[in-house]
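Structure first, commentary second.
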Amino acid sequence: GESVGLHLPTLSVQEGDNSIINCAYSNSASDYFIWYKQESGKGPQFIIDIRSNMDKRQGQRVTVLLNKTVKHLSLQIAATQPGDSAVYFCAENLGGGADGLTFGKGTHLIIQP
Amino acid sequence: NAGVTQTPKFRILKIGQSMTLQCTQDMNHNYMYWYRQDPGMGLKLIYYSVGAGITDKGEVPNGYNVSRSTTEDFPLRLELAAPSQTSVYFCASTGERYEQYFGPGTRLTVT
């Protein structure tokens, strides 16, 4: 099976609330993790990444947390906006290099007005 | 700077036909990738290339071929199209941190 997976296929949040999207991975050797946003009919768009030597990384309105002990990754989106509606994928690179990413199935984030 | 571009956007093939999906990037990235995405699923790696003249298989290479004669271009070839190859195909290239930049995709239907 896939080494990267997501806990919930759909997440519905109120506009303005914070969103947390979770991801589990099974390979302790995974070195690099990325979160992507995919809007309908478009290619995945890079959001934020984190390497295994870090626990937390922040971007603009987004934070990625990595818990290596339980092999868990999360994406936090602050003050969710309608434009945040999309499918969010976590992906891992098993080798830490350039030999391609392994993607999970994705979580569909729905923003309620 | 257009990033990663793909052509065509849409294509319908009959079983047994062949076609080439084009991918070009203008960021001078060495690493390029082809993924396929089936409905409601994540992306699966078909082939990748770490530089001109070098290609390698990914998770689902059967039924596909690639070539990399230049840094910019990484075409994907389907020789004998099958219904199982109905999917959306994404090309990507990799920046300095190994983050991947994706093209807009090619939606392929094989009937």
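Please read these numbers as outputs of a predicted model, since none were measured by experiment. Residue numbers start from 1 in every chain, and the chains themselves are labelled A, B, ... in the order their sequence lines are given, proteins ahead of strands.
V4(B) and W34(B) are assigned to two separate hydrophobic clusters, defined by single-linkage of ILVMFWY side chains at heavy-atom distances under 4.5 Å. Under the 4.5 Å side-chain contact rule for hydrophobic residues, I46(B) and L43(B) do not share a cluster. Under the 4.5 Å side-chain heavy-atom criterion for ILVMFWY residues, no single connected hydrophobic cluster contains both L13(B) and V88(B).
With a 4.5 Å cut-off on non-hydrogen atoms, Q38(A) touches chain B through its side chain but not through its backbone.
Side-chain atoms of Y101(B) never come within 3.5 Å of backbone atoms of Q45(A) as a donor-acceptor pair (strictly under, hydrogens ignored).
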Show, in sequence, the C-alpha distance, side-chain angles and deciding distance for F89(A) and Q37(B), and conclude whether the side-chain contact (heavy atoms from CB on, under 4.5 Å) test is met.
CA-CA 12 Å; F89(A) 292 96; Q37(B) 184 178 30; 3.4 Å; yes
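More than 12 heavy atoms of other shown residues, nucleotides or ligands fall within 6.0 angstrom of atom CZ in R57(A). Heavy-atom contacts from other residues, nucleotides or ligands closer than 6.0 Å to NZ of K42(A) number 12 or fewer. Shown here is I12(B), whose CD1 atom has no more than 12 heavy atoms of other residues, nucleotides or ligands within 6.0 Å.
Contact check for F102(B) versus F46(A): no side-chain heavy atoms found under the 4.5 Å cut-off. For the pair Y33(B) and L101(A), the minimum side-chain heavy-atom distance is 4.5 Å or more. Within the 4.5 Å cutoff, no side-chain heavy atoms of F103(A) are placed close to those of M41(B).
Within the model, atoms OG1 of T102(A) and CD of E59(B) stand 6.5 Å from one another, a figure rounded to the nearest 0.5 Å.
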